[in-house]
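Please read the structure below before turning to the comments.
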Amino acid sequence: MAASTSTITSTQTSVPLNKSTFRLTGPYGDWRDDLQSQGYAVVKSVITPEKAKLYQQKALEWLSSFDTSLDLNDPSTWTTENLPFQSKVNTFNKYGVAHEKFMWDARMEPKILEAFARIWGTDELLVSFDALNITLPNRADKPAQRPWPHVDQSPLRRGLHCVQGIINLSHAGPEDGSLIVLPRSNTVTEQFFDTETDRATWETKDIRFISETEMKWFEERDMKPLKVMAEPGDLILWDSRTIHWGGEPTVESDTIRTVIYASYSPATWARPEELERKREAFESFQATTHWAHDNVVPREKEAYLPDGSLDPRNRSEPLQKPERTEKLLKLAGVKPY
């Protein structure tokens, strides 16, 4: 199984299509068959429940380190003023969190690396410097986020370029927060772009939101949203062409969703300029995107309050830095294989 990509020129658009030559060529008789046909898969027990609980504890300790007024046992304290800056979709990517030791320890778990090596056919991998998601259920000061279906791959890219991952550290049942996917949408998104959208609107940016009206096209093909069920220690994987979004917990949930986003891809796919961006982001403790080898866009480092002022709790580096081992530096793209 070769892991390579190539660019072909199209005369139909001023920007050439970037077509991956990589293919999943199942049946495999394992979770890769789901990834290929359904666009997502759950790899069970890549981390023991005990270790997943430990990683969750580290994440919650990190969250609690910003304000003594925050009590994770008291929902009345789960307010914006008691929390560090968080995106609308409950992710944290500032304060150096992407490079906290517990984040890197989780990324380097052997069975997680093994899963991605089985996808790509190589163990010489790069990893994304992705976000931490801690969703506090039923916050009184924050309305539930509406669905925001999207794909994390530009219409200008064709084929399988990126497999995203969630290292699941909490129970994800029917009432809890979890990933929502549109099964099988990975098999038709390119057809959708070609037949239902204007090429002049296509952007190179590796995110494309799908409107409510556009979702009807997929519904007509019997594709319905599904909440992914998972246990602490499971790995959730999905093709970046799969329509997905973060599902909010219902009022019946009291689970604090805790997950680490991590994507891996072959190191040979990264261009020198992308490796340089990874190195710079690594050295400055910045988060990047869901992609590991391309689309490496460092996130803004400083955290600002809603009024636009710099958060006085802003951090320029992690609380606990990881050990810069050879394995870590290769995954980070700082040291070549």
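Numbers here simply count residues along the sequence, with the first being 1.
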Atom pairs and distances, donor-acceptor, side-chain atoms in residues 326-337, under 3.5 Å, two or more places apart:
unit_1, atom_1, unit_2, atom_2, d
Glu326, OE2, Lys330, NZ, 3.0
Lys327, NZ, Met108, O, 3.2
Tyr337, OH, Leu125, N, 3.1
Tyr337, OH, Leu125, O, 2.5

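Under the 3.5 Å distance criterion, with hydrogens and angles disregarded, a donor-acceptor pair is assigned to the side chains of Asn90 and Glu248. In summary, the side chains of Glu109 and Tyr55 do present a donor paired with an acceptor at a separation below 3.5 Å, with no hydrogens or angles considered. Judged by distance alone, the side chains of Ser316 and Asn314 never bring a donor and an acceptor atom under 3.5 Å apart. Side-chain polar atoms of Tyr40 and Asp34 form no donor-acceptor pair below 3.5 angstrom. For the residue pair Ser69 and Asp67, a side-chain donor N or O sits within less than 3.5 Å of a side-chain acceptor on the partner. Asn82 and Thr79 are linked by a side-chain donor-acceptor pair at a separation below 3.5 angstrom, with hydrogens and angles left out of the test. A donor atom on one side chain and an acceptor atom on the other are not found under 3.5 Å apart for Ser185 and Thr189.
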Evaluation steps, side-chain contact (heavy atoms from CB on, under 4.5 Å), between Leu60 and Ile134: CA-CA 8 Å; Leu60 297 181; Ile134 301 177; 4.0 Å; yes
Let me see the working for Tyr28 and Leu24 under side-chain contact (heavy atoms from CB on, under 4.5 Å), right down to the final yes or no. CA-CA 9 Å; Tyr28 299 98; Leu24 287 172; 3.8 Å; yes
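The aromatic rings of Phe282 and His99 stand perpendicular to each other, their planes meeting at an angle above 60°, with 30° marking the opposite boundary. The aromatic rings of Phe92 and Trp62 lie perpendicular to each other, with more than 60° between the two planes, well past the 30° mark.
Glu274 and Arg271 are joined by a salt bridge, as a carboxylate oxygen and a charged side-chain nitrogen come within less than 4.0 angstrom of each other. Comment: Glu276 engages Arg279 in a salt bridge, judged by a side-chain N to carboxylate O separation of less than 4.0 angstrom. The pair Asp206-Arg157 meets the salt-bridge criterion, with a side-chain N (NZ, NE, NH1 or NH2) lying under 4.0 Å from an Asp/Glu carboxylate O.
Figure legend: cation-pi geometry between Arg241 and Phe192 absent, as NZ or CZ is not positioned both under 6.0 Å from the six-membered ring centre and within 45° of its axis. The side-chain tip of Arg146 does not point at the ring of Trp148 from less than 6.0 angstrom away and within 45° of straight on. Judged by the 6.0 Å and 45° rule, Lys301 forms no cation-pi pair with Phe285.
Note: Tyr95 and Phe66 meet the aromatic proximity criterion, with ring centroids under 6.0 Å apart. Checked against the 6.0 Å centroid threshold, Phe22 and Trp120 count as a close aromatic pair. Aromatic pair Trp245/His150: centroids not less than 6.0 angstrom apart.
Phe193 is listed as a side-chain neighbour of Arg208, based on a closest heavy-atom distance under 4.5 Å. A heavy-atom distance below 4.5 Å is found between the side chains of His290 and Gln164. Side-chain contact between His161 and Asn18: present, with at least one pair of heavy atoms (C-beta onward) separated by less than 4.5 Å.
Pairing each heavy atom of Gly177 with each of Ala172, the nearest pair is O-CB, 4.0 Å. Of all the heavy atoms in Val151 and His244, the pair that sits closest is CA-CE1, 4.2 Å.
With a 6.0 Å radius and a threshold of 12 heavy atoms from other residues, nucleotides or ligands, Glu300 has its CD atom above the threshold. The 12-atom threshold is exceeded at NZ of Lys44, counting heavy atoms of other residues, nucleotides or ligands nearer than 6.0 Å.
Partners of Glu317 under the salt bridge (charged side-chain N to carboxylate O under 4.0 Å, His left out) rule, at least two apart in sequence or in another chain, are Lys321.
Val46 and Phe102 fall within a single hydrophobic cluster, where Ile, Leu, Val, Met, Phe, Trp and Tyr are joined by side-chain heavy atoms under 4.5 Å apart, directly or via other members.
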